[in-house]
Amino acid sequence: MKDEILRGLTDSVVSGDVEKCVEYAKKALEAGIDAYQAIMEGCARGMSIVSEKYEKGEMYVPEILCSAEAMYAAMDVLRPHLKAESIGTPRKVVLGVVRGDIHDIGKNLVKLMMEAAGFQVIDLGRDVPNEKFVDAAVREGADIVGLSALMTTSMVVMPEVIKEIKKRSPKTMTMVGGGPLSPELAKVYGADGYAKDASQAVKVAKSLIGGVA
Ligand code: B1M
């Protein structure tokens with residue numbers, strides 16, 4: 001039953017069926033499936049399959065955007081049921097997609113998971129100018145700045161942003177993520193952390209603020 005519902009969620013994200021996705025999200029809650037599990041093992045898994053299918057030429061951009069809509073619709077149903085974790089004093093994360101890059105589906109997933117884990121997320125959106133990250137880090141006294149990039153052409157601005165944050169807000173930790181990034185590259189860029197997906201992003205953020213990883 002549980003597997004069937006999670007598979008239903010995954011399949012309806014892949015097929016971009018908003019109504020079915022909402023239906024399965026409701027079914028998941030009725031069946032007592034944890035909202036976090038439904039998002040990660042249902043919705044997020046669906047988006048991973050979609051990305052793979054795109055790479056293989058089995059899906060095209062308009063279909064991917066429908067999948068994202070379906071995922072967002074399910075997330076709207078599930079979000080209020082996420083068990084808000086307590087991480088003591090609320091910690092601030094400034095999050096955004098770097099300059100020149102408008103891919104924000106993954107960043108939105110990272111935001112949701114971080115909020116569910118008790119972080120206060122200041123979402124700067126996508127195609128964010130370097131100085132906006134730095135200004136927000138200083139203004140908000142951010143514990144962490146999270147930078148997302150999906151393109152090899154956009155990720156190159158990350159070291160510039162990180163360097164400026166270290167200069168103007170030395171206590172702020174930085175973390176990076178997105179398709180073309182890797183742990184090695186994150187080190188080269190001077191980031192304090194790297195995460196390959198949304199659930200790992202939460203673990204890394206917690207370890208950066210000295211919490212339980
Ligand atoms: Co474009 N795109 N796209 N695209 N797109 C990619 C990224 C690409 C790899 C496709 C390809 O050619 N194989 C390629 C980049 C190649 C490169 O590296 N240079 C590409 C390109 C070239 C482009 C355009 C230039 C195409 C064009 O116009 N000629 C253009 C660029 C526009 C721009 O940004 N200036 C473009 C446009 C678009 C759309 C607008 C149509 C759409 C984006 C819609 C949107 O986001 N609102 C789009 C999409 C959907 C994709 C693919 C197909 C899917 C991305 C996605 O949403 N995946 C992508 C191919 C692919 O990835 N296989 C592709 C699902 C999402 C859940 O996963 O984003 O990886 P992901 O996020 C994960 C992790 O990466 C991680 O956690 C997330 C959740 O688990 N993560 C973090 C992400 N950020 C993190 C931050 C963290 C930690 C973890 O800490 C801070």
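In each ligand, atom 1 is the first atom listed, and ligand 1 is the first ligand listed. Note that the structure is predicted; figures quoted are calculated from it, not measured.
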*Given the rule that I, L, V, M, F, W and Y join up when any side-chain heavy atoms are under 4.5 Å apart, are Leu95 and Ile209 in one cluster?*
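Linked within one cluster.
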Please state which protein non-hydrogen atom is closest to [atom] and give its distance, to 0.1 Å?
atom: atom 45 (C) of ligand 1; result: Asp104 OD1, 3.5 Å
atom: atom 54 (C) of ligand 1; result: Ser51 OG, 4.0 Å
atom: atom 61 (C) of ligand 1; result: Glu55 OE2, 3.2 Å

*Could you tell me whether Thr153 and ligand 1 have an N or O pair separated by under 3.5 Å?*
no
Just to check, does [X] reach to within less than 4.0 Å of ligand 1 when the distance is taken from its heavy atoms?
X: Lys196; answer: yes
X: Ala44; answer: no
X: Gly178; answer: yes

Under 4.0 Å from a heavy atom of [X]: give me the atoms of ligand 1 that qualify, with their elements.
X: Asp101; value: 34 (O)
X: Asp197; value: 76 (C), 77 (O), 80 (O)
X: Arg126; value: 47 (N)
X: Leu65; value: 44 (C)
X: Ala195; value: 88 (C), 89 (C)
X: Ser148; value: 83 (C), 84 (N), 85 (C), 86 (C)
X: Tyr54; value: 10 (C), 11 (C), 53 (C), 60 (C)
X: Val110; value: 77 (O), 82 (C), 85 (C), 89 (C)

Is at least one protein non-hydrogen atom found at under 4.0 angstrom from [atom]?
atom: atom 8 (C) of ligand 1; value: no
atom: atom 76 (C) of ligand 1; value: yes
atom: atom 16 (C) of ligand 1; value: no
atom: atom 59 (C) of ligand 1; value: no
atom: atom 39 (C) of ligand 1; value: no
atom: atom 72 (O) of ligand 1; value: yes
atom: atom 35 (N) of ligand 1; value: yes

_Candidate pair Val93 and Met175, rule side-chain contact (heavy atoms from CB on, under 4.5 Å), full reasoning_ = CA-CA 10 Å; Val93 179; Met175 62 182 283; over 6 Å; no
*For a side-chain contact (heavy atoms from CB on, under 4.5 Å) with Tyr72, tell me which candidate from Ile105, Leu112, Leu109 qualifies.*
Ile105
*At a cut-off of 2.8 Å, list the protein N/O/S atoms near atom 1 (Co) of ligand 1, residue plus atom name.*
His103 NE2
*asked:* To the closest 0.5 Å, what do you measure between OH (Tyr194) and NZ (Lys187)?
replied: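 Rounded to the nearest 0.5 Å, the OH-NZ separation comes to 12.5 Å.
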_Tell me whether Glu58 at atom CD has more than 12 heavy atoms from other residues, nucleotides or ligands lying less than 6.0 Å away._
yes
*Should the proximity of Ile64 to ligand 1, defined as any heavy atom under 4.0 Å, be assigned to the side chain, the backbone, both, or neither?*
side chain
*Which heavy-atom pair separates Leu82 from Ala116 by the least distance, and what is that distance?*
CD1-CB, 3.7 Å
Charged N-O contact under 4.0 Å between [X] and [Y]:
X: Asp11; Y: Lys20; result: no
X: Lys167; Y: Glu164; result: yes
X: Lys166; Y: Asp192; result: yes

*asked:* Test side-chain contact (heavy atoms from CB on, under 4.5 Å) on Asp135 and Arg168; report intermediate values, then the result.
replied: CA-CA 9 Å; Asp135 290 346; Arg168 285 188 46 207; 3.2 Å; yes
*Is Leu147 close to Val157 at the side-chain level, that is, under 4.5 Å between some pair of heavy atoms?*
no
